[in-house]
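One structure is given here, and the rest of the page talks about it.
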Amino acid sequence: MSLALILQLMWSLGLACKDIFALRNKKDLHTPDNLFIIVMVDWVVAVFMFSGACASASLTIFFMWDVHFCETYSKLACRQFALSVVLAFITWLLQAASSFSAFWLLVSFY
């Protein structure tokens, strides 16, 4: 999950720098070629984030329900694990919404 979030962070920072550059130099980023690259990378990042969230959820379910680590080892923060999984899925939903809106913008060119 951390690799997917690092990829998301780097991609978002790169897009922010590109947006700042375009605003300062009065460039248009809404070209079909540029949007195609953004949409493709957004979809790849969304798939990575979804797979990381699903893997985190499966490990949390495994610890909490299958092997009962939370009952055996009371020092484990199982509620925080579950909360982090929920937040990971919320992050994926926001990334998916961004991907769909970029895809819709790309489709509007054709």
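Nothing here was measured: the structure is a model prediction, and the numbers come from that model.
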(Q) Tell me whether the rings of Trp92 and Phe50 are parallel (<30°), tilted (30 to 60°) or perpendicular (>60°). (A) tilted
**Q.** Nearest-0.5 Å distance, CD of residue Gln8 to CD1 of residue Ile6
**A.** 12.0 Å
**Q.** ILVMFWY cluster, Leu105 and Val39 together (side-chain gap under 4.5 Å)
**A.** yes
Q) Is there side-chain contact between Asp42 and Trp11, with at least one heavy-atom pair below 4.5 Å? A) yes
**Q.** Contacts of Cys78 that satisfy disulfide bond (SG atoms under 2.5 Å apart) - sequence neighbours left out
**A.** Cys70
Q. Is there a path from Tyr110 to Phe100 through hydrophobic residues (I, L, V, M, F, W, Y) whose side chains come within less than 4.5 Å of each other?
A. yes
Q: Group every Ile, Leu, Val, Met, Phe, Trp and Tyr by side-chain heavy-atom contacts under 4.5 Å, then state whether Phe103 and Val41 land in the same group.
A: no
Q. Just wondering, are more than 12 heavy atoms of other shown residues or ligands nearer than 6.0 Å to CE in Met10?
A. no
Q) Should the ring pair Phe63 and Phe81 be called parallel, tilted or perpendicular, given that the plane angle runs from 0 to 90° and is split at 30 and 60? A) tilted
Q) Do Trp43 and Phe48 come within less than 4.5 Å of each other through their side chains, counting heavy atoms only? A) no
Q) Ignoring hydrogens and geometry, is there a side-chain-to-backbone donor-acceptor pair from Ser12 to Leu9 under 3.5 Å? A) no
(Q) Minimum heavy-atom separation for Ala53 and Phe89, please, with both atom names. (A) O-CE1, 3.7 Å
Q.
Which residues pass the ring pair (Phe, Tyr, Trp, His ring centres under 6.0 Å) test with Tyr73, not counting sequence neighbours?
A. Phe69
Q: Locate the shortest heavy-atom distance separating Thr31 from Asp28; write the atom from each residue and the value.
A: CG2-O, 4.1 Å
Q) Can you name the closest pair of heavy atoms from Leu29 and Leu35 and give their distance? A) O-CG, 4.4 Å
Q) In the single-linkage hydrophobic clustering (I, L, V, M, F, W, Y; side-chain heavy atoms under 4.5 Å), do Leu15 and Val44 co-cluster? A) yes
Q) Can you tell if the side chain of Val45 reaches within under 4.5 Å of the side chain of Met49, non-hydrogen atoms only? A) yes
Q.
For the CZ atom of Phe21 and the NZ atom of Lys26, what is their distance to the nearest 0.5 Å?
A. 12.5 Å
Q: Identify whether Leu3 and Val47 are in the same connected component of the hydrophobic contact network (ILVMFWY, side-chain heavy atoms under 4.5 Å).
A: no
Q. Can you tell me how far OG of Ser98 sits from CG of Leu93, rounded to the nearest 0.5 angstrom?
A. 12.5 Å
Q.
To the nearest 0.5 Å, what is the distance between CG on Leu87 and CD on Gln80?
A. 11.0 Å
Q: Measure across Pro32 and Leu106 and return the closest heavy-atom pair with its distance rounded to 0.1 Å.
A: O-CD1, 3.6 Å
